[in-house]
Undergrad: 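Quick one: this structure, given as structure tokens, is what I'll be asking you about.
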Amino acid sequence: MRGRAVSWLRALVGAIGAEAATIACAIGWVAIYSHLINAGQPLEHYQAYAQQSAPWVAVIAGAPIFYAAGRWIARTRASALALFGVYLLLDASLIALSGEPVERLPFGFIAASWLTKLIACYWGGSDGERTRGAAPSR
């Protein structure tokens, strides 16, 4: 039975931590862009760039971040999938609260981001179980 039980505390901590790390990567990328790649532009330019680049960062940086969260924080496949579920509720809530008009939301990027994070959580949790000798969950 070991490996099947969901650790909701680990799932919650992992989801919040992974979301924070993904946001930090987006902020970090815009900082690199604004200071090293295209310095000297008005603030509005960087704000627009942040809106444009954030979906890409969420897809590219999200996969390794959520793999790590699934492997080292959740530690089991069941808890890693719960981590993704908690993240999905959190992210969907943040998107809904963003105030962005629905027609301006990048649904393709959102779907790609969620799918890559789901797969990463699954693999991370599976690897976490394997390295800790837990019985795989089904």
Side-chain angles (χ1 to χ4, degrees):
M1 185 81 174
R2 187 173 173 216
R4 288 182 183 233
V6 172
S7 172
W8 288 103
L9 179 60
R10 287 183 177 278
L12 179 63
V13 169
I16 292 170
E19 177 76 347
T22 304
I23 291 168
C25 285
I27 292 168
W29 173 248
V30 173
I32 289 168
Y33 174 79
S34 65
H35 292 294
L36 301 176
I37 298 172
N38 193 8
Q41 299 295 321
L43 179 61
E44 295 78 24
H45 173 80
Y46 299 122
Q47 290 172 335
Y49 182 77
Q51 291 291 322
Q52 181 184 22
S53 66
W56 284 98
V57 173
V59 172
I60 295 167
I65 289 168
F66 277 78
Y67 172 84
R71 181 173 178 156
W72 288 297
I73 296 173
R75 295 187 179 178
T76 66
R77 186 181 313 143
S79 293
L81 292 174
L83 180 156
F84 175 76
V86 171
Y87 159 76
L88 188 62
L89 289 173
L90 177 65
D91 198 52
S93 298
L94 290 173
I95 290 169
L97 293 171
S98 73
E100 260 320 292
V102 173
E103 60 274 1
R104 291 189 57 206
L105 290 173
F107 285 112
F109 276 108
I110 292 169
S113 176
W114 288 351
L115 181 61
T116 57
K117 288 171 183 155
L118 172 62
I119 292 167
C121 283
Y122 179 85
W123 281 341
S126 296
D127 285 351
E129 281 184 355
R130 190 172 33 261
T131 60
R132 285 168 186 75
S137 59
R138 294 188 180 131

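Not measured: the values here are computed from a predicted model. Computed from heavy atoms alone, side chains included, the values below leave out hydrogens, waters and symmetry copies.
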Undergrad: Could you give the distance from OG (Ser126) to CG (Leu81), rounded to the nearest 0.5 Å?
TA: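 So the gap between those two atoms works out to 7.5 Å.
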Undergrad: To the closest 0.5 Å, what do you measure between CD1 (Ile16) and CG (Leu83)?
TA: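 Rounded to the nearest 0.5 Å, the CD1-CG separation comes to 10.0 Å.
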Undergrad: How would you list, by chain and number, every residue that makes a side chain to side chain contact (heavy atoms under 4.5 Å, CB included) with Leu94, sequence neighbours excluded?
TA: Glu19, Leu90
Undergrad: Looking at Arg77, is its backbone amide N or carbonyl O close enough to the side chain of Glu129 to form a donor-acceptor pair, meaning the two atoms are under 3.5 Å apart?
TA: yes
Undergrad: Is atom OH of Tyr122 surrounded by more than 12 heavy atoms (other residues, nucleotides or ligands) closer than 6.0 Å?
TA: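 Not buried by this count: 12 neighbours or fewer within 6.0 Å.
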Undergrad: Which distance, rounded to the nearest 0.5 Å, do you find between the OG of Ser113 and the CG of Leu88?
TA: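 The CG atom of Leu88 is 10.0 Å from OG of Ser113, to the nearest 0.5 Å.
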Undergrad: For a quick test of reading the model, state the closest non-hydrogen atom pair linking Ile65 to Cys25 and the distance between them.
TA: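 The answer is CD1-SG, 3.8 Å.
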Undergrad: Apply side chain to side chain contact (heavy atoms under 4.5 Å, CB included) to Ser7 and Thr76, showing your working.
TA: CA-CA 9 Å; Ser7 172; Thr76 66; over 6 Å; no
Undergrad: Is Thr116 reaching over with its side chain to a backbone N or O of Ala63, donor-acceptor style, under 3.5 angstrom?
TA: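 Not at all, since once roles are kept as given, no pair shorter than 3.5 Å links the two residues.
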Undergrad: Do you know the tightest heavy-atom contact between Ala15 and Val86?
TA: CB-CG1, 3.6 Å
Undergrad: Indicate the atoms forming the closest heavy-atom contact of Trp8 with Ala82, along with that distance.
TA: CZ3-CB, 3.6 Å
Undergrad: Could you walk me through whether Lys117 and Asp91 pass the side chain to side chain contact (heavy atoms under 4.5 Å, CB included) check?
TA: CA-CA 12 Å; Lys117 288 171 183 155; Asp91 198 52; 5.6 Å; no
Undergrad: Tell me whether Ile119 shares a hydrophobic cluster with Phe84, the cluster being built from Ile, Leu, Val, Met, Phe, Trp, Tyr side chains joined at under 4.5 Å.
TA: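 Yes, because Ile119 and Phe84 connect within a single hydrophobic cluster, where side-chain heavy atoms sit under 4.5 Å apart.
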Undergrad: Would you call the rings of Trp29 and Tyr49 parallel, tilted or perpendicular, where under 30° means parallel and over 60° means perpendicular?
TA: tilted
Undergrad: Please give me the minimum heavy-atom distance between Ala80 and Gly70, naming the atom from each residue.
TA: CB-CA, 3.8 Å
Undergrad: So which heavy atom on Val59 is nearest to which on Phe109, and how close?
TA: CG2-O, 3.9 Å
Undergrad: Kindly work out whether a path of hydrophobic side-chain contacts (I/L/V/M/F/W/Y, heavy atoms less than 4.5 Å apart) joins Leu118 to Phe107.
TA: yes
Undergrad: Can you name the closest pair of heavy atoms from His45 and Asn38 and give their distance?
TA: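 Result for this residue pair: NE2-ND2, 3.3 Å.
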Undergrad: Could you tell me whether the side chain of Arg132 and the main chain of Gly128 form a donor-acceptor pair under 3.5 Å?
TA: yes
Undergrad: Hydrophobic clusters here meaning ILVMFWY residues chained together by side-chain heavy-atom distances under 4.5 Å, can you tell me if Ile110 and Ile60 are in one?
TA: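 No, no single cluster joins them.
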Undergrad: If we ignore hydrogens and angles and just use 3.5 Å, is the side chain of Thr131 paired with the main-chain N or O of Asp127 as donor and acceptor?
TA: yes
Undergrad: Looking at Ile95, is its backbone amide N or carbonyl O close enough to the side chain of Ser98 to form a donor-acceptor pair, meaning the two atoms are under 3.5 Å apart?
TA: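 Between the backbone of Ile95 and the side chain of Ser98 there is a qualifying donor-acceptor contact (under 3.5 Å).
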Undergrad: Are Leu115 and Leu89 joined in one hydrophobic group, where the rule is that I, L, V, M, F, W and Y side chains link up if heavy atoms are under 4.5 Å apart?
TA: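 No, separate clusters.
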Undergrad: For the side chain of Tyr46 and the backbone of Gln41, is there at least one donor-acceptor N/O pair under 3.5 Å apart?
TA: yes
Undergrad: If hydrophobic clusters are built by linking Ile, Leu, Val, Met, Phe, Trp and Tyr wherever their side-chain heavy atoms come under 4.5 Å apart, do Val57 and Phe66 end up in the same one?
TA: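 No, it is not one cluster - the side chains of Val57 and Phe66 are not joined through contacts under 4.5 Å.
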